Amino acid sequence: MVVVIPLQYKIASWNVNSVTARLEHLLQWMQDFQPDVVLLQELKGVEETFPFAAVEALGYTAAVYGQKAYNGVAIVSKHPLTAIKKGIPNFTDENARYIEAVVADKFTVASIYVPNGQDLDSEKFTYKMAFYQGLTAYLATIRTAEKPYILGGDFNVAHQPLDCYAPEKFKNRLLCSQAERLALQQIINLGFTDTYRVFHQDTRAFSWWDYREGRFDRDEGLRIDYLFTTPEATDLLVESGIDTLPRGLLKPSDHTPVWCTIVVSI
DNA sequence: ATGTCCCTTGGAAAGGGA
């Protein structure tokens, strides 16, 4: 007799805008939300300053790719992390924007922080497009990987008009331009799934609100944080969502956690 | 319309990035 035990894993992604400044929020949220895996972006610090002891006290382990002052990504997990990769393979980038690891020997997760791009006519925008090209080239190689793969992070693109509070105002502007939307679409075209939309097809929901102009209070935001799954991981999806609670706290990150749950049988 | 927050330098306030 074969006994199949289904195990659920809750995977979240959160751009914390400095892990040091957001430590209390992060720890409280982890205790309340109980994610199995948290993908972090914008640590804004080197690995030496990451709060390993604090997350370990809550029963988590962490893989960190840090950088002084800017960027920085991490994977925080209740389950063992192996096969850790820092940086997108075969893409040269001086910034710490991608980290990947296998969780519990069952599935692969990655945390990504895509460049903001500054302005459509800036050198930083060219870098953003090159970054997407490098990312897409890598994703084309791993989508046939044997383990389910989940890529979460700040993609700095609102995929569709529904993902923006003022589509007309943002038309052809940074985060909503044709070029950026096409770059994101190319990932979807490889077979990746935007896990939020699987369970919330027509919901206007956001993951980031500008600090200025009281944008959060007016719910004037953009959905620029995503969890993407390969077909093997999409098959395991049972739920997804956005937790807006942390964005309403005092001294919040400008982003809030996005999450999905998968079921894995052992 | 440039309104907020965080980091760094350098030891206060200002610039850069988002």
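Please read these numbers as outputs of a predicted model, since none were measured by experiment. Lettering follows sequence order; numbering is per chain, from 1.
The CG atom of A:Asn116 sits 17 Å away from the P atom of B:dC6 (whole-angstrom rounding).
Mapped onto DNA chain B by nearest heavy atom, A:Gly45 and A:His255 fall at different nucleotides, with A:Gly45 at the one closer to the 5' end. Each of A:Gln118 and A:Lys251 was matched to the nucleotide of DNA chain B holding its nearest heavy atom; the match closer to the 5' end belongs to A:Lys251.
If you look at A:Tyr165 and A:Trp209, their ring centroids are not closer than 6.0 Å. Taking the six-membered ring for Trp, A:Phe91 and A:Tyr98 have ring centres at least 6.0 Å apart.
The phosphate of B:dA18 has neither OP1 nor OP2 within less than 4.0 Å of any side-chain N or O from A:Lys128. One finds a side-chain N or O of A:Arg22 lying less than 4.0 angstrom from the OP1 or OP2 phosphate oxygen of B:dC6. Between A:Lys68 and the phosphate of B:dC7, there is no side-chain N or O to OP1/OP2 separation shorter than 4.0 Å. OP1 and OP2 of B:dG17 both lie 4.0 Å or more from every side-chain N or O belonging to A:Lys44.
Nucleic acid contact class of A:Tyr113 (heavy atoms, under 4.0 Å, all strands): sugar-phosphate only.
Side chain of A:Thr203 to backbone of A:Ala205: no donor-acceptor contact under 3.5 angstrom is found.
For the C1' atoms, the distance from B:dG10 to B:dG15 is 14 Å, rounded to whole Å. The P atoms of B:dA13 and B:dT2 are separated by 24 Å, rounded to the nearest whole Å. Distance noted for atom C1' between B:dA1 and B:dC6: 23 Å (whole Å).
Using cut-offs of 30° and 60° for the angle between ring planes, the A:Tyr226 and A:Phe228 rings count as parallel.
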